[in-house]
Amino acid sequence: MNIAVIGTGYVGLVSGTCFADSGNEVACVDIDEDKVVELRDGQIPIYEPGLKSIFKRSQKEGRLTFTTDMETAVQDADIVFLCLPTPPGGDGQADLSAVMQVAGELGGMLNGYTVVVDKSTVPVGTGDRVESAIGTQLDKNKFDVVSNPEFLREGAAVEDFMYPERVVVGTESERAAEIMRTLYEPFVRSGNPIIVMDRPSAEITKYAANSMLATKISFMNEIANICERVGANVDHVRRGIGTDSRIGPRFLFAGIGYGGSCFPKDVQAIHYTAGQHGYDFKILDSVMKVNEMQKVSIVAKMEEYFGTDDFSGKTFGLWGLSFKPETDDIREAPALYIADELVKRGANLVGYDPEAISTFRQATTEEVKENMKFVHSQKDALKDIDALLICTEWNEFRRPTVDRFQDHMNQPVIFDGRNLYDLDRAQKAGITYISVGRSPVNVERNKLDEA
Ligand SMILES: NC(=O)c1ccc[n+]([C@@H]2O[C@H](COP(=O)([O-])OP(=O)(O)OC[C@H]3O[C@@H](n4cnc5c(N)ncnc54)[C@H](O)[C@@H]3O)[C@@H](O)[C@H]2O)c1
């Protein structure tokens, strides 16, 4: 098939590359000229495991091309995918300006019957708006608008796209549904379902999935907060409930909250949609509040440990800047908020991340930039620091190459926002170790009580 993908970001680039890998001719469009030049030159602007090899292969074989010229890209397309950003606008509602702008232009550009697929995460009813916008310039039987929400996870995007647990297709048109089934069949050969439903249900499905996952995270973080107060261990509780098949073991890890380009904005957006329809989505209200608190809970623990909220003269190391491992995406990353709070309290920072240093540097505040040094190894981030903070659970932090923290740091104090280490080992290693939902290790009790 001939496919045009409009918007070549995390979703567009991964989708376009994977569709090309399965034999389709794919033209990826973006308004960012520099990005298009880079991609044509064979450079991938994001870090995503496994993407490079399939990208190179499809590009070499001419099945994957990049352009800023939307009209040329879409005129012979059987399917046009909209993979455009839908960032939070005012009041938490999704900003649909990019989607609607492109929809407004498409009607005058399409040739022959075309399926226009909304892959962006959009509020219910957006498919209708896109259909009306295209319909002002194009006969209704020359196109169908389909909702096909994307469930890939950054950091495992290629794997998720190639082997989706399900494909959701929202359309009432049998013709469009058949084209979508043909496109996706190579990706679900192991039998995972292509679920065809009406368009509004497909639009809601994406928000329901992300809200449910965010709810699980905030719920476990609240359980962790109780564990800290009563001397229980959230890891034991997690195993205790995760073995219940009704609950399941995944997404039950306590930590310093969810971030990224999706959960925060999607929870806000469906909360807003509910409000627009006269419904108060109370659970999500709490999910958001818990997450706001949890993101900076580690700073409160530091204040408690050091007995002050003035960190002048102190230097802290930060391991992990991306919002989760295996990505360079820092959108809504807890590390951004934590760095900001620490610098406001007078601290100097040393940051290390395997992939996200440059994206973090671009996104952080001037004040943080002035007080934060970036280094390129875990070890260098430990030199002469007063405490280490672990913000992202990159694999390399689980078994760090440093032999002994005390050989590098002023004092071996770790605040772990991702519960990477075993409490007994930390105890034996003589490390002061403060994590989430578990008792602090090697902390003089009176030090915390005095504070
Ligand atoms: N990132 C994820 O993990 C993920 C997962 C599932 C769904 N989604 C959803 O997919 C959508 C895209 O997300 P993303 O993370 O890929 O965004 P992104 O910001 O990484 O990429 C969007 C791209 O669109 C381009 N663009 C903006 N306006 C344009 C226009 N008018 N014409 C052409 N190109 C334009 C931008 O330059 C950018 O390259 C969002 O709705 C998001 O919620 C994202």
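Here the structure is a predicted model, which means the values were calculated and not measured. Whatever order the structure lists ligands and atoms in, that order sets their numbers, starting from 1.
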Trainee: Over 60° means perpendicular and under 30° means parallel, so classify the ring planes of Phe81 and Tyr184, tilted if in between.
Mentor: perpendicular
Trainee: Within the 3.5 Å criterion, strictly below it, is a donor on Ser435 or Arg438 matched to an acceptor on the partner's side chain?
Mentor: yes
Trainee: For atom 21 (O) of ligand 1, which candidate among Gly9, Gly12, Cys28 holds the nearest heavy atom?
Mentor: Gly9
Trainee: Atom 12 (C) of ligand 1: which protein heavy atom is closest, and how many Å away?
Mentor: Leu84 O, 3.5 Å
Trainee: Of the protein's non-hydrogen atoms, which lies at the shortest distance from atom 9 (C) of ligand 1, and what is that distance?
Mentor: Thr121 OG1, 3.5 Å
Trainee: Can you report which non-hydrogen protein atom sits closest to atom 26 (N) of ligand 1, along with the distance?
Mentor: Ile31 CG1, 3.7 Å
Trainee: Heavy-atom distances under 4.0 Å are what count here, so tell me which part of Ser120 touches ligand 1: side chain, backbone, both or neither.
Mentor: both
Trainee: Can you confirm, on distance only, whether ligand 1 has an N/O atom lying under 3.5 Å from any N/O atom belonging to Asp32?
Mentor: no
Trainee: Does any donor atom in the side chain of Ser173 or Asp144 lie under 3.5 Å from an acceptor atom in the other side chain?
Mentor: yes
Trainee: If only side-chain N and O atoms count, and only distance matters, is there a donor-acceptor pair under 3.5 Å linking Tyr421 with Asp416?
Mentor: no
Trainee: Quick one: does Arg153 get an N or O within less than 3.5 Å of an N or O on ligand 1?
Mentor: no
Trainee: Which heavy atom of the protein is the closest neighbour of atom 22 (C) of ligand 1, given with residue, atom name and distance?
Mentor: Pro85 CD, 3.6 Å
Trainee: Is the closest side-chain donor-acceptor distance between Ser218 and Asn221 under 3.5 Å?
Mentor: no
Trainee: Under the rule for side-chain hydrogen bond (donor to acceptor under 3.5 Å, both in side chains), what residues qualify as partners of Glu174, not counting sequence neighbours?
Mentor: Arg181
Trainee: With a 4.0 Å heavy-atom cut-off (strictly under), which part of Ala157 contacts ligand 1: side chain, backbone, both or neither?
Mentor: neither
Trainee: Kindly determine whether Phe187 and Phe161 satisfy ring pair (Phe, Tyr, Trp, His ring centres under 6.0 Å), including the steps that lead there.
Mentor: CA-CA 8 Å; Phe187 300 91; Phe161 199 94; 5.6 Å; yes
Trainee: Looking only at protein heavy atoms, which one is nearest to atom 41 (O) of ligand 1, and how far off is it?
Mentor: Thr86 OG1, 2.6 Å
Trainee: Can you list the atoms of ligand 1 that are under 4.0 Å from a heavy atom of Lys35?
Mentor: 38 (C), 39 (O)
Trainee: Below 4.0 Å from any atom of ligand 1, is there a heavy atom belonging to Lys206?
Mentor: yes
Trainee: Tell me, which protein residue and heavy-atom name are nearest atom 2 (C) of ligand 1, and how many Å apart are they?
Mentor: Glu154 OE2, 3.4 Å
Trainee: Any salt bridge (Lys or Arg N to Asp or Glu O under 4.0 Å) pairs touching residues 90-114, not counting sequence neighbours?
Mentor: none
Trainee: Can you pull out the closest protein heavy atom to atom 38 (C) of ligand 1? Residue, atom name and distance to 0.1 Å, please.
Mentor: Asp30 OD2, 3.4 Å
Trainee: Using distance alone, determine whether Arg331 and ligand 1 share an N or O pair under 3.5 Å.
Mentor: yes
